[in-house]
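Data first, discussion second: the structure below is written as structure tokens.
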Amino acid sequence: MKMSSCKQEYMIEVKWDLLDPEIISRQPTINIGVIGQAGCGKSTFIKAICERDQLERIATMNLAFANAKIYKCENDECPPPLCYKAYGSGKEDSPLCELVGFQNCRMKLLRHVSFVECPDDLNILMPMLITSVPSIQGVLLIIDANERFPQKQTSDFLAALKAVGLNHIIILQTKVDSIKESIAMDRLEAIKKFIKRRIVGEAPVLSVSAKCKYNIEDVCEYIVKNIPLPQHLVKRPCVSIFRSIDVSKPAPEIGETKGVVFCGSLRRGVLKVNQMIEIGPGIVDKDENGEIKCTPIYSKIVSLYSEQNELQYAVPAGGLIWIGTILDPTVTNADSLVGQVLGEVQFLPSLFCKIAVGVQMLEERIKLGRGEIVKLNIHSSSIVARVCQASGEGGIVRLKVKSPVCMMQERFAISRNVENQWRLIAIGYMRGGTTVDGEKIYPPHIRRLGWNL
Ligand SMILES: Nc1nc2c(ncn2[C@@H]2O[C@H](COP(=O)(O)OP(=O)(O)OP(=O)(O)O)[C@@H](O)[C@H]2O)c(=O)[nH]1
């Protein structure tokens, strides 16, 4: 790790190299979303490239994860794309090349990737993309070769990716083993033409078969060359909790009780074993006056895992991280802390009860109305809020959240209830707010609005 110093409150002194062999040997440092309509072959492709029988599914988030290491033969004469190869996350760092004629050559680990299988329902996918970018650096858009092309969903997915600013896309025509070569070629040409019209710049279009492991090397080469590594600002650690699991035994004997294990995604910063942590909002309750009271939860990290790899520290953009703690399981019921934020003691983002947000409506003619109830998707949490003030200068809106939310300046999804279904209507950008302690953190342009903050 390289050290440098920074002054801002949320910055700390650690900068890391996302290609450092010591890091990518054990943990992914790049997240790639896998998108496509139901049954197009998303999970089969991820299983093939990650050498996994099953993906790690997070049912509450409609997401599934698996990690792969991508290598390249160190012999320059080994021909591309076959000089590239993907293995599971547990593979050694410099295995021998498998290509005939190069079997004495070592391969170099270039990337450790976390593949995230995304939901195919646009109503779930869009909020997820809005809150996950920039945690997702690129996308594999899967198109089933058996289906006639273009399909409406392909246009919808491309529009969604454009709306959230995800530009690094690789298109995969899958299942090419299951149709005649001439049909596959015709459809491939149709996909290429369509993509050229829809995407500014070139997005590679590749034919693959996950079942026959055909052309996976090509995908590896394009991932290495086309999807850039994330640019992380160096900040205090912040984890979105996806799951909290009590791993204590049914009848633990003294000394045998294990604490709660958290599973989540490290959005920024570095977490270390033995570090003291705080979880916010923690236990949310009402005091004797009926006012909301939040009691943060404190604990210590005793282990960190990325799939089966044990870590001494974890860096962001690394898929799912499992965080073992000494937290007494009786403090929380299973999964009751889902949606909360885990970080360094005293350095969690502020806890807001009212927030001022810049709003980008997805359709111009739609407006938010005063008093309206909306749903906010903020990372792994979903919170109901009421619009207290609408249509401020520059599209600023003020919202009162039903339960306190731990957040920094970030973007999130805003949905409206239409006929008993939450429909995404806007992207929100956090600009300031009032904390549960009554502190008003608003930039000057919001103070100037003259609202009763
Ligand atoms: N012949 C062939 N079949 C494939 C290939 N990839 C996937 N399939 C089959 O396509 C079907 C759907 O594959 P999945 O990987 O479950 O598709 P998915 O997109 O993850 O599906 P959902 O999770 O339901 O959205 C399964 O029966 C797979 O066996 C392939 O490369 N070749």
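Counting starts at 1 for both ligands and their atoms, in listed order. In this chain, residues are counted from 1 in sequence order. When reading the values below, keep in mind they use all heavy atoms of this one structure, side chains included, and skip hydrogens, waters and symmetry mates.
- You'll find the ring centres of Phe65 and Phe115 outside the 6.0 Å limit.
- Under the rule for a side chain to side chain contact (heavy atoms under 4.5 Å, CB included), the partners of Ser89 that lie at least two apart in sequence or sit in another chain are Asn67, His112, Glu307, Asn309.
- The aromatic ring centres of Tyr84 and Tyr71 sit 6.0 Å or more apart.
- For ligand 1, residues of the protein lying within 4.0 angstrom by heavy-atom distance are Gln37, Ala38, Gly39, Cys40, Gly41, Lys42, Ser43, Thr44, Glu117, Asp120, Lys175, Asp177, Ser178, Ser209, Ala210, Lys211.
- Shown here are the side chain to side chain donor-acceptor pair (under 3.5 Å) partners of Asp144, two or more places apart in sequence or in another chain: Asn146, Lys175.
- Residues passing the side chain to side chain donor-acceptor pair (under 3.5 Å) test with Ser182, sequence neighbours excluded: none.
- The cationic atom of Lys85 (NZ for Lys, CZ for Arg) lies less than 6.0 Å from the six-membered ring centre of Tyr87 and within 45° of the ring axis.
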